[in-house]
Amino acid sequence: MANESLENEGDAVSRNSRNTHFTSSVDLSTSLDSSVQTRIFKIIVIGDSNVGKTCLTFRFTGGSFPEKTEATIGVDFREKAVEIEGEKIKVQVWDTAGQERFRKSMVEHYYRNVHAVVFVYDVTKMASFQNLKTWIQECNGHRVSSTVPRVLVGNKCDLVNQIQVPSNTALKFADAHNMLLFETSAKDPKESQNVDSIFMCLACRLKAQKSLLYRDVEREDGRVRLSQETDVNKSNCPC
Ligand SMILES: Nc1nc2c(ncn2[C@@H]2O[C@H](COP(=O)(O)OP(=O)(O)OP(=O)(O)O)[C@@H](O)[C@H]2O)c(=O)[nH]1
């Protein structure tokens, strides 16, 4: 895992998250091909334990809902190769632990050189929504620039009879924090495209930003070294 000091330039987000269409392909390989210049976007997923962070990242990277999950310890990485406007990009999703005891020593790593942040709450657990303030504080406390794109995800919408967090309450919160809101379900296969949209929307936004072209990938003493070149792309992303 390579972490280099790259700064993002983000801009304000707007609400237009649904009905977006992207082409993508699954690629779980984590190797880097030194002959190919590939941009890598690091996206972290944070929120209370049990809100469904692991399931959402599985749905996006593997296209399925895991039968059984266990509490994440530290961090899990998943990757998906996607194509946006003809450019191949690696979306690297960091699925972080929600339980304090499993995340303590890793927190610095989560936030280091992050390109975008996904905050998740469980629509059937008001406490997980109320705790978002704490997650945002933690994120801000780790010097994550306010220009780094952030989105809010209300998960478990399939549990329609148990919903505790009304959409308009979540929408107000998202607006107040300049985030897009996605309400979805990692479990419901019909929501699969909406889950993809969360990450693809961020990838589109990041593609439109500069300073993220990784090149000259070299392996030195078993470690991957990355350098950076400025690139300004215009994206047609509807977000
Ligand atoms: N009904 C329903 N259950 C879900 C959904 N997403 C996740 N779950 C369930 O919620 C539980 C927790 O899911 P995880 O993805 O492991 O939660 P997490 O946020 O990664 O938890 P930590 O690793 O402890 O931080 C599991 O039993 C999942 O099956 C969903 O969209 N709908």
Side-chain angles (χ1 to χ4, degrees), residues 1 17-18 26 28 42-80 91-111 114 116-139 141-142 144 150-167 169-171 173-174 179-202:
M1 187 62 49
S17 57
R18 290 189 183 250
V26 177
L28 295 176
K42 172 181 172 181
I43 299 177
I44 59 167
V45 183
I46 59 179
D48 276 9
S49 179
N50 242 30
V51 295
K53 299 181 296 297
T54 298
C55 293
L56 285 165
T57 62
F58 252 88
R59 176 63 82 188
F60 171 63
T61 56
S64 62
F65 181 75
E67 285 295 311
K68 195 168 177 284
T69 57
E70 292 185 355
T72 305
I73 297 174
V75 68
D76 280 339
F77 305 98
R78 295 185 189 94
E79 250 183 18
K80 181 167 176 171
V91 178
Q92 188 180 81
V93 184
W94 289 46
D95 169 23
T96 69
Q99 284 189 51
E100 180 62 24
R101 65 189 166 129
F102 292 146
R103 64 196 319 276
K104 264 183 190 152
S105 57
M106 294 293 294
V107 180
E108 285 297 328
H109 296 281
Y110 299 160
Y111 292 106
V114 68
V117 184
V118 176
F119 293 96
V120 185
Y121 67 95
D122 176 347
V123 295
T124 72
K125 292 237 163 33
M126 182 54 92
S128 72
F129 178 74
Q130 288 164 340
N131 286 340
L132 287 168
K133 278 185 187 149
T134 313
W135 292 110
I136 291 170
Q137 271 167 12
E138 180 188 272
C139 182
H142 283 81
V144 176
R150 303 168 187 212
V151 296
L152 183 61
V153 177
N155 189 38
K156 307 196 188 182
C157 282
D158 56 289
L159 301 173
V160 283
N161 296 324
Q162 297 171 40
I163 291 177
Q164 289 185 0
V165 184
S167 293
T169 305
L171 207 52
F173 184 86
M179 293 193 268
L180 280 172
L181 171 67
F182 293 80
E183 289 179 313
T184 192
S185 163
K187 187 172 188 176
D188 183 354
K190 293 194 293 295
E191 283 289 306
S192 160
Q193 199 180 354
N194 196 24
V195 173
D196 282 1
S197 298
I198 297 164
F199 297 94
M200 292 306 297
C201 203
L202 285 169

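When a ligand or atom number is given, it counts from 1 through the structure's own listing order. We're numbering straight along the sequence, starting at 1. The figures here come from the full heavy-atom set of this structure, side chains too, leaving out hydrogens, waters and symmetry mates.
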S.K.: Does any N/O atom on G98 come nearer than 3.5 Å to any N/O atom on ligand 1?
M.R.: yes

S.K.: Measuring from atom CZ of R59 to atom CZ of R78, what distance do you get when rounded to the nearest 0.5 angstrom?
M.R.: 13.5 Å

S.K.: Carefully, step by step, assess V144 and R150 under the rule side chain to side chain contact (heavy atoms under 4.5 Å, CB included).
M.R.: CA-CA 10 Å; V144 176; R150 303 168 187 212; 4.0 Å; yes

S.K.: When you look for heavy atoms under 4.0 Å from ligand 1, do you find them on the side chain of C157, its backbone, both, or neither?
M.R.: neither

S.K.: Using a 4.0 Å cutoff against the non-hydrogen atoms of A71, which atoms of ligand 1 qualify?
M.R.: 23 (O), 24 (O)

S.K.: Can you pull out the closest protein heavy atom to atom 31 (O) of ligand 1? Residue, atom name and distance to 0.1 Å, please.
M.R.: A186 N, 2.9 Å

S.K.: Find all atoms of ligand 1 within a distance of less than 4.0 Å from any non-hydrogen atom belonging to A97, and give their numbers and elements.
M.R.: 25 (O)

S.K.: Parallel, tilted or perpendicular: which one describes the rings of F129 and Y121, with boundaries at 30° and 60°?
M.R.: perpendicular

S.K.: Under 4.0 Å from any heavy atom of F65, which atoms of ligand 1 are there?
M.R.: 4 (C), 5 (C), 6 (N), 7 (C), 8 (N), 29 (O)

S.K.: Just verifying a value: how many Å separate E108 CD and H142 NE2, rounded to the nearest 0.5 Å?
M.R.: 4.0 Å

S.K.: Report the part of T69 (side chain from C-beta onward, or backbone N, CA, C, O) that has a heavy atom under 4.0 Å from ligand 1; answer both or neither where that applies.
M.R.: side chain

S.K.: I need the nearest protein heavy-atom contact for atom 15 (O) of ligand 1: residue, atom name and distance, please.
M.R.: C55 N, 2.9 Å

S.K.: Should you measure from each heavy atom of S185, which atoms of ligand 1 turn up under 4.0 Å away?
M.R.: 31 (O)

S.K.: Would you mind telling me if ligand 1 is within reach of the side chain of N155, the backbone, both or neither, using heavy atoms under 4.0 Å?
M.R.: side chain

S.K.: Test side chain to side chain contact (heavy atoms under 4.5 Å, CB included) on F199 and T61 and set out the steps.
M.R.: CA-CA 10 Å; F199 297 94; T61 56; over 6 Å; no

S.K.: Check each of E70, K53, Q99, K187 against atom 25 (O) of ligand 1 and report the one with the nearest heavy atom.
M.R.: K53

S.K.: Return the closest protein heavy atom for atom 24 (O) of ligand 1 as residue, atom name and distance.
M.R.: S49 OG, 2.6 Å

S.K.: Using a strict 4.0 Å cut-off to heavy atoms of L159, name the atoms of ligand 1 that fall inside it.
M.R.: 1 (N)

S.K.: Looking only at distances, can you tell me whether any N or O atom of T54, backbone or side chain, sits closer than 3.5 Å to an N or O atom of ligand 1?
M.R.: yes

S.K.: Out of curiosity, D95 CG to I46 CD1, how far, rounded to the nearest 0.5 Å?
M.R.: 11.5 Å

S.K.: Roughly how far, to the nearest 0.5 Å, is CD1 of I136 from CZ of F119?
M.R.: 5.0 Å

S.K.: Could you go through the side chain to side chain donor-acceptor pair (under 3.5 Å) check for S185 and E191 one step at a time?
M.R.: CA-CA 6 Å; S185 163; E191 283 289 306; over 6 Å; no

S.K.: G52 to ligand 1: N or O pair under 3.5 Å?
M.R.: yes

S.K.: Atom CG in D158, atom CG in D188: separation rounded to 0.5 Å?
M.R.: 6.0 Å

S.K.: Report the C-alpha distance between T96 and K53 in whole Å, list the side-chain angles of each, state the deciding distance to 0.1 Å, and finish with yes or no for side chain to side chain contact (heavy atoms under 4.5 Å, CB included).
M.R.: CA-CA 8 Å; T96 69; K53 299 181 296 297; 4.3 Å; yes

S.K.: For atom 21 (O) of ligand 1, find the nearest protein heavy atom and state the residue, atom name and distance (0.1 Å precision).
M.R.: N50 N, 2.9 Å

S.K.: What atoms of ligand 1 come closer than 4.0 angstrom to any heavy atom of D48?
M.R.: 19 (O)

S.K.: Over 60° means perpendicular and under 30° means parallel, so classify the ring planes of F77 and W94, tilted if in between.
M.R.: perpendicular

S.K.: If you measure from CG on D76 to CD on E70, what distance do you get to the nearest 0.5 Å?
M.R.: 11.0 Å

S.K.: Heavy-atom pairs closer than 4.0 Å: do any link ligand 1 to the side chain of D158, the backbone, both, or neither?
M.R.: side chain

S.K.: For atom 8 (N) of ligand 1, grab the closest protein heavy atom and report residue, atom and distance to one decimal in Å.
M.R.: K156 CE, 3.7 Å

